[in-house]
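Here the structure is laid out as structure tokens; the discussion comes afterwards.
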Amino acid sequence: MSFLIDSSIMFTSQVLFFGFGWLFFMRKLFKDYEVRQYVVQVIFSVTFAFSCTMFELIIFEILGVLNSSSRYFHWKLNLCVILLILVFMVPFYIGYFVVSNIRLLHRQKLLFACVLWLTFMYFFWKLGDPFPILSPKHGILSIEQLISRVGVIGVTLMALLSGFGAVNCPYTYMSYFLRNVTDADILALERRLLQTMDMIVSKKKRIAVAHRTMFQRGEVHNKPTGFWGMIKSVTTSVPGSENLALIQQEVDALEELSRQLFLETADLHATKERIEYSKTFQGKYFNFLGYFFSIYCVWKIFMATINIVFDRVGKTDPVTRGIEITVNYLGIQFDVKFWSQHISFILVGIIIVTSIRGLLITLTKFFYAISSSKSSNVIVLLLAQIMGMYFVSSVLLIRMSMPPEYRTIITEVLGELQFNFYHRWFDVIFLVSALSSILFLYLAHKQAPEKHMAL
Amino acid sequence: MAALDRVKVLVLGDSGVGKSSLVHLLCHNQVLGNPSWTVGCSVDVRIHDYKEGTPEEKTYYIELWDVGGSVGSATSVKSTRAVFYNLLNGIILVHDLTNKKSSQNLYRWSLEALNRDVAPTGVLVTNGDYDREQFADNQIPLLVIGTKLDQIPETKRNEVLTRTAFLAEDFNAEEINLDCTNPRYLAAGSSNAVKLSRFFDKVIEKRYFLRDGNQVPGFSERKRFGGGTLKSLHYD
């Protein structure tokens with residue numbers, strides 16, 4: 001009986017999460033595009049729903065809600081479904097939509113989608129070989145095999161995002177790094193852009209006039225197409241067309257220049273906006289936060305280095321550590337069990353909420369930046385895949401932040417993974433990502449004022 | 001040819017609707033083989049015979065400025081795009097017949113181009129509201145072109161064409177529906193070609209024969225002079 005009640009509670013919450021994912025998709029991600037393929041929206045919402053349910057189960061674990069055996073059952077069920085989606089459905093649909101964008105392969109869409117999926121599965125499997133993630137006594141198609149690989153990919157993603165985010169956050173918030181951009185700079189650049197466009201126009205006019213006179217004189221000028229056409233055009237060439245070819249080359253070069261100028265102008269406009277924003281109250285608040293975050297970032301990099309160098313993985317979780325410190329050093333006595341449960345609930349809850357929110361915001365920004373009406377389906381599915389893998393590996397890593405009595409269920413359900421490996425791997429990738437972000441941002445920052453001076 | 005003879009027509013629309021293919025078709029009478037992403041703005045030139053077939057026939061160059069991007073871009077990108085909206089003489093609004101959102105976004109596109117505030121660095125001041133009055137007294141000729149007609153099945157064609165007819169009416173403009181990969185839609189003598197020719201003639205007329213060759217003032221300036229009082233009456 002209690003199992004039925006528990007299941008219905010889980011089901012209701014899943015429906016709620018599904019609805020939230022649906023709304024997020026419609027209102028935020030796809031607000032400028034038309035949803036043609038509902039299957040994309042459904043897959044995204046389903047992935048989101050099942051990922052959130054996993055977090056919900058962790059919270060239930062800490063709070064002791066629901067029956068222990070039904071929790072275990074739902075864990076297994078959830079895990080199976082999510083793995084099914086991440087390994088089978090989403091990659092297949094990504095392949096399908098990529099193929100449907102290519103005109104050539106339109107006829108045998110399904111066939112090529114299957115081929116793509118098989119390639120994905122091959123590389124996905126091969127991924128597990130170089131890593132010591134499993135004890136060798138498990139079968140081929142067990143949950144542990146799949147989870148371990150998904151975990152590796154997800155942890156790499158998390159570490160990359162964290163590393164980049166930890167460095168980028170203070171860089172964006174602090175106004176110390178803002179380059180000085182004046183209106184005169186922008187005007188000068190815009191003038192250059194318009195001049196380039198004028199030059200392109202005048203050259204194209206010449207080409208158009210030449211084409212027209214040739215057409216009227218009865219010479220039909222066919223552009224050399226294909227391989228043999230190119231070879232033929234080497235030996236036989238119309239005198240007028242050589243001149244045209246030269247002008248066409250100049251036009252191509254000018255067009256490339258105009259694109260560069262356009263991007264630079266957009267960059268300057270964005271910087272100018274940021275300067276104006278930093279003068280407002282909100283801007284000042286973020287500036288202050290930026291200093292705070294830069295200290296946090298330096299500390300994290302330091303900790304990651306220490307972990308790797310001294311080869312230690314944190315043995316105790318922050319909650320127990322904190323309680324130990326307060327009890328031993330500060331001499332405050334309180335009911336350890338009661339407080340540890342509540343504090344770990346709050347801590348884990350905060351981690352979960354901020355990571356979901358951070359991920360959704362990052363995904364939205366990324367989506368706006370790179371999608372178009374042709375590729376929007378593929379990109380959303382890729383984002384759903386990343387989101388699913390990210391959440392699964394969050395579960396792996398969150399285990400470290402929980403006191404031992406709550407870790408058991410994760411250990412039980414996920415099987416005998418080498419959890420320590422994942423933490424080590426996270427530290428390594430985090431360090432690499434943070435350092436290369438610093439290098440990258442430094443170079444980008446250096447290069448821009450030089451470009452500026454050269455104008 | 002003198003630099004004063006320029007006629008500038010903007011080609012606006014969402015990304016992926018087929019503006020580059022359309023412009024290539026209009027200028028070269030050939031289908032674009034490998035359409036790719038447009039960054040910034042690409043220009044092409046079409047030679048147009050004004051008042052073809054009459055004694056007053058004269059050849060003009062019409063510059064088609066194909067501005068890429070999406071209507072929901074960041075403000076900085078919009079401000080950068082605004083530099084191309086200078087001194088325009090006509091606008092071609094392109095939408096995808098298979099995608100309703102692209103048709104709805106045309107309102108925002110036209111407002112972006114027409115509401116350009118005359119500020120030194122081109123920082124845009126738009127409220128994004130669609131107001132029919134603004135299009136009623138607009139002096140810049142508009143043309144609405146719907147692409148990918150071949151991808152609409154026969155059964156749905158009527159419904160789609162009625163919808164686009166309403167759209168064109170809202171803009172007080174002519175409309176053409178075609179497929180950019182098929183030059184036969186713009187073959188000489190077809191009704192589409194006639195509409196196109198009429199549109200370009202109108203653009204040239206407004207540009208050269210309206211006020212003794214002076215440039216037609218921008219949309220926002222007109223609002224400042226005369227439209228302001230009309231609007232306040234409307235809201236009473």
Side-chain angles (χ1 to χ4, degrees), chain A residues 30-36 181-187 189-191 193-194 196-209 211-212 215 223 225 251 254-274 276 365 368-369 371-376, chain B residues 1 3 5-6 8 14-17 27-30 33 35 37-47 49 59 61-65 67-84 86-87 96 98-105 108 119-124 181:
Chain A
F30 255 47
K31 69 173 165 82
D32 281 335
Y33 298 101
E34 171 152 318
V35 180
R36 218 91 53 76
V181 170
T182 61
D183 280 349
D185 294 334
I186 298 186
L187 270 179
L189 204 56
E190 284 181 350
R191 210 171 26 233
L193 179 59
L194 285 176
T196 318
M197 301 304 295
D198 287 342
M199 289 203 288
I200 297 178
V201 167
S202 62
K203 290 206 196 295
K204 288 213 166 166
K205 281 181 184 168
R206 281 167 62 186
I207 299 181
V209 162
H211 274 221
R212 198 180 212 206
F215 184 70
K223 265 205 293 231
T225 48
V251 165
L254 281 175
E255 283 186 330
E256 186 57 47
L257 177 63
S258 78
R259 279 191 278 269
Q260 294 288 354
L261 287 175
F262 178 79
L263 290 174
E264 274 180 42
T265 319
D267 204 29
L268 283 188
H269 273 286
T271 318
K272 179 161 179 274
E273 256 177 56
R274 276 180 56 196
E276 281 174 18
K365 271 202 279 199
Y368 282 163
S371 84
S372 75
S373 52
K374 274 185 94 175
S375 58
S376 53
Chain B
M1 304 284 172
D5 271 339
R6 66 185 320 180
K8 179 168 158 182
D14 280 352
S15 42
V17 297
C27 299
H28 302 273
N29 278 326
Q30 275 175 353
W37 198 256
T38 317
V39 174
C41 172
S42 88
V43 196
D44 222 336
V45 170
R46 175 184 163 106
I47 301 186
D49 297 317
T59 315
Y61 295 107
I62 302 196
E63 301 164 24
L64 295 170
W65 290 57
V67 177
S70 105
V71 79
S73 296
T75 329
S76 60
V77 178
K78 285 192 184 169
S79 311
T80 324
R81 276 208 295 255
V83 86
F84 300 125
N86 254 330
L87 305 174
D96 185 349
T98 61
N99 185 344
K100 266 195 228 152
K101 255 294 169 60
S102 66
S103 320
Q104 287 165 4
N105 284 338
R108 291 162 72 185
T121 52
V123 172
L124 280 186
T181 60

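So that the names make sense, note that chain A is the first sequence line, chain B the second, and so on, each numbered from 1. It should be emphasised that the depicted structure is a prediction, and the values quoted were computed from it without experimental measurement.
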Quiz item: Is A:Arg206 atom CZ crowded by more than 12 heavy atoms from other residues, nucleotides or ligands, each under 6.0 Å away?
Solution: no

Exercise. Kindly check if the number of other-residue, nucleotide or ligand heavy atoms within 6.0 Å of CZ (A:Arg191) is above 12?
Key: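 No, because the 6.0 Å sphere around CZ of A:Arg191 holds 12 heavy atoms or fewer from other groups.
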
Practice problem: Give the intermediate values and the outcome of side-chain contact (heavy atoms from CB on, under 4.5 Å) for residues B:Ile62 and B:Val45. | Solution: CA-CA 6 Å; B:Ile62 302 196; B:Val45 170; over 6 Å; no

Quiz item: Which atoms of A:Leu193 come close to chain B, meaning under 4.5 Å heavy atom to heavy atom: side chain ones, backbone ones, both, or neither?
Solution: side chain

Quiz item: Given that the side chain runs from C-beta out, which part of B:Cys41 has a heavy atom under 4.5 Å from chain A: side chain, backbone, both or neither?
Solution: both

Practice problem: Could you check which of A:Thr265, A:Ile200, A:Thr271 has the highest count of heavy-atom pairs closer than 4.5 Å to chain B? | Solution: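 The answer is A:Thr265.
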
Self-check item: Full working for side-chain contact (heavy atoms from CB on, under 4.5 Å) between A:Lys272 and A:Asp183
Solution: CA-CA 8 Å; A:Lys272 179 161 179 274; A:Asp183 280 349; 2.7 Å; yes

